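Worksheet: the structure to be examined is printed underneath.
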Amino acid sequence: MNLFSDIRHLVIDALQSMQAAGDLPTDLDFTNVAVEPPRDALHGDMATNAAMVLAKPAGKNPRAIAEGLAERLLASDVITSADVAGPGFLNLRLAPTAWTAIVPSALAAGADFGRSDMGAGLKVNVEYVSANPTGPLHVGHTRGAVFGDALASLLDFAGYDVTREYYINDGGAQVDVLARSVYLRYLEANGQKVSFPDGTYPGDYLKQVGEAVKTKYGDTLIDQPEEAWLAELREFSTEAMMDMIRADLAQLGIKMDVFYSEKSLYGTGQIEAAIKSLDEKGLIYEGTLDPPKGKLPEDWEPRQQTLFKSTEHGDDVDRPVKKSDGSWTYFAPDIAYHYDKVQRGFDQLIDVFGADHGGYVKRMKAAVSALSDGRVPLDIKLTQLVKLYKNGEPFKMSKRAGTFVTLRDLVDQVGSDATRFVMLTRKNDAPLDFDFDKVLEQSKDNPVFYVQYAHARINSVLKKTSEAGIDADSLIAGADINLLNADAETSVIKKIAEWPRLLELAAKHNEPHRVAFYLYDLASEFHSLWNAGKDDPSLRFLQEDALEATASKLALIRSVQVTLAAGLILLGVTPIDEMR
RNA sequence: GGACCCGUAGCUCAGCUGGAUAGAGUACCUGACUACGAAUCAGGGGGUCAGAGGUUCGAAUCCUCUCGGGUCCA
């Protein structure tokens, strides 16, 4: 039940009856007509911009339209007042029963409260993490992982058919580096003293892989030339790294539907097919790029190469798909990979990248636009950097020295729930400060705690009820929700009613952080109502001498709990029943 | 040099894709436990939405330029 879309339907109906009566032209587009919560609650329960949006195309005065609309809306028993305000806003008030109906609706839906069919089963592919298989996931990957996973859940909840996908970059030179590094660890496992020159990975995490190589191959690879072991170790090490990465993701409760290998694109004709597809559209040519504008790199020289005319699809310059020596660029397999996604029949693609891949956005969008003839939209979400703090001090890490903070470090220290929630309390395109101490702090300064506390507090009330010998569930089932008429209660109900609408907006804009902020607001409404009971005993949840009132209040807070739980689960955070 | 992201209260950030008097937390000041957890709540002060133009009924939001920070650039 989405009260806002219900009322919007009423508005559209009224507008259509105005058209039928000749008060409005018949060829109007209603898509921009919105019904929203007013910024200031004093204005009413809901506001619509219909009159202002339609004034120009209808060639009429907005206030005149609004007045006609108000007259028709008042015929409904749901609308109790409709006032024209300002330049042509129409402020509506709803009958109290319209609001309270959200409570049983939430209770009946339970964990599915807010689920929407907005996505209409469209197939969406969300690609995220996609970290190189050369080591464990670190903090930056964690943010992308959490964001991508919450986004995927959000879209699923909003009625899309979602595929979660990880692209394994196992085709490039970095996998050779990995294999050589593992070889060194293998030698080490065989008792040799080794050092790690520049261009190898010195991290300790490869020690166990070296051991595993020894277990499998014994001493047969020692003193062998690189050609003898490189291909085998590349395969072996990539597998080992992916096992490690899968385990890391599992720590956050993330499970991918598809792991897609870059390597699988080579030698199978898939890259060639993708480039051919572009070629057939006249978008591939042999040419020379202009030098980069401004400062010229020292070693710049014009080179003939195979180029993709990405400028025809919104890019700034054309992009090479083959180097001058005839080998593929990194871009070519990326094109082939996205071509494959298009061919798998996805209606929408979403890529979650780290901010350092910002430069790829335009060319990737151009490629997908070209490959799908503009049919499949690609949205690319960049997650900005995470800055770590400990005791208020920036926490330094160095990838070169192998001392970076891993996903595992984070989860071990603060837990999966806190890690996930905190990472979602910022827009993806804003940098994030992650303070180890703050995340564990038990105060309202810490949103994880604050929201969990509200959920647990409600549980505590329900527990208290049963301790008093009252069966809360049957009481709630028989509750007369229209007893909930105090302002403090209505305010909570209105916040609950916003949930289905908020969820659709968050899904529409691919912004899971809105869910996190909403949950904080809802928790705040609840804490506020709790405290109101101290000044006004009639607002207390448990009133043993007034069971009917108690029933309605328990129904209310239980619906708050249901909403909090639905939102938390969506973000991958466990709603807890008791604070430690 | 160019591209992308960001700039909102002292600090950390929201702001529902163009709506009404720009909101939270924190910090500061004042107040509320005979209680279902005060791990919370109520109230107060605090703003040139980086700056300047433009678009229109209406701009923190869209466009242009400038300044500042970040990321990237065969």
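Keep in mind that what you see is a predicted model, and the values were worked out from it rather than measured. Per chain, numbering begins at 1; letters A, B, ... match sequence-line order. Excluded from the calculations below are hydrogen atoms, water molecules and symmetry mates; all remaining heavy atoms, backbone and side chain alike, are included.
As rounded to whole Å, 11 Å separates atom P of B:U34 from atom CZ of A:R540. With rounding to whole Å, A:F517 atom CZ is found 7 Å from B:G15 atom P. Atom CD1 in A:I557 sits roughly 8 Å away from atom C1' in B:C36 (whole-Å rounding). A:L3 places its CG atom 16 Å from the C1' atom of B:C16, with the value rounded to the nearest Å. Nucleotide B:U12 holds its P atom 18 Å from the CZ atom of A:F434, rounded to whole Å. Atom CG of A:D356 is separated from atom P of B:G70 by 16 Å (rounded to the nearest Å). Between A:N61 atom CG and B:C57 atom P there is a gap of 13 Å when expressed in whole angstrom units. For the pair A:K56 NZ and B:U55 P, the computed distance is 13 Å after rounding to whole Å.
An OP1 or OP2 oxygen of B:C41 is reached within less than 4.0 angstrom by no side-chain nitrogen or oxygen of A:Y453. When the side-chain nitrogen and oxygen atoms of A:S528 are compared with OP1 and OP2 of B:A42, one or more of them lie within a distance under 4.0 Å. Distances shorter than 4.0 Å separate none of the side-chain N or O atoms of A:H357 from OP1 or OP2 on B:C73.
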request  = For each nucleotide in nucleotides 17-30 of chain B, reading 5' to 3', give B when a protein heavy atom comes within less than 4.0 Å of its base, S when such contact involves only the sugar-phosphate, and - otherwise.
outcome  = B-BB---SSS----
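Considering only residues two or more places apart in sequence or on other chains, A:E504 meets the side chain to side chain contact (heavy atoms under 4.5 Å, CB included) condition with A:N2, A:S116, A:M118. Under the side-chain hydrogen bond (donor to acceptor under 3.5 Å, both in side chains) criterion, A:D325 pairs with A:S327, sequence neighbours left out.
Nucleotides B:G47 and B:U55, compared at atom C1', are 26 Å apart to the nearest Å. On the C1' atoms, B:G10 is 33 Å away from B:C72, given to the nearest whole Å. B:C49 and B:C11: their P atoms are spaced 15 Å apart (whole Å). The gap from the P atom of B:C62 to that of B:G18 amounts to 7 Å, rounded to the nearest Å. For the P atom pair drawn from B:A9 and B:A60, the interatomic distance equals 15 Å after rounding to whole Å. Distance check on atom P: B:C29 versus B:G7 gives 31 Å, rounded to whole Å. B:C41 and B:A22 have their P atoms separated by 25 Å, given to the nearest Å. Annotation: B:C4 and B:U40 have their P atoms spaced 44 Å apart (nearest Å).
Here A:Y360 lies out of heavy-atom contact (under 4.0 Å) with every strand. In this structure, A:R319 reaches neither bases nor backbone, as no heavy-atom distance under 4.0 Å exists between it and the strands shown.
Using modelled atom types, one finds a donor on one side chain and an acceptor on the other under 3.5 Å when comparing A:D29 with A:T31. Counted by atom type alone, A:N91 and A:D83 present zero donor-acceptor pairs between their side chains at under 3.5 Å. Side chains of A:D318 and A:T311: a donor-acceptor N/O pair is present below 3.5 angstrom, by distance only. Checked by atom type, the side-chain pair A:D351/A:Y360 shows no donor-acceptor distance below 3.5 Å. No side-chain donor from either of A:T550 and A:Q543 sits under 3.5 Å from a side-chain acceptor of the other. Counting only N and O atoms by type, the side chains of A:Q304 and A:S324 include no donor and acceptor under 3.5 Å apart.
Aromatic ring orientation, A:H513 versus A:F517: perpendicular (interplanar angle above 60°, classes split at 30° and 60°).
Taking the charged nitrogens against the carboxylate oxygens, A:E511 and A:R514 do have a contact shorter than 4.0 Å, which makes a salt bridge.
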task = Under the ring-ring contact (aromatic ring centres under 6.0 Å, His included) rule, what do A:F89 and A:H43 come out as? Steps first, then yes or no, please.
result = CA-CA 10 Å; A:F89 278 105; A:H43 294 136; 8.1 Å; no
task = Decide yes or no on ring-ring contact (aromatic ring centres under 6.0 Å, His included) for A:Y167 and A:Y337, but give the supporting numbers first.
result = CA-CA 9 Å; A:Y167 181 57; A:Y337 173 46; 4.1 Å; yes
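With the nearest nucleotide of RNA chain B identified for both A:A523 and A:P320, A:A523 has the one nearer the 5' end.
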Short N/O separations, protein against nucleotides 3-7 of chain B, under 3.5 angstrom:
| from | atom 1 | to | atom 2 | distance (Å) |
| --- | --- | --- | --- | --- |
| B:A3 | O3' | A:K362 | NZ | 3.3 |
| B:C4 | OP1 | A:K362 | NZ | 3.2 |
| B:C5 | O2' | A:D429 | O | 3.1 |

Secondary structure of RNA chain B in dot-bracket form (Watson-Crick or G-U wobble, distances below 3.5 Å, | marking inter-strand pairs) = (((((((..((((.....[...)))).(((((.......))))).....(((((..]....)))))))))))).
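Listed by first and then second residue, the salt bridge (Lys or Arg N to Asp or Glu O under 4.0 Å) pairs involving residues 45-55 of chain A are A:D45-A:K494 (not counting sequence neighbours).
Counting only heavy atoms from C-beta on, A:D433 has its side chain closest to B:C13 among B:C13, B:C36, B:A38.
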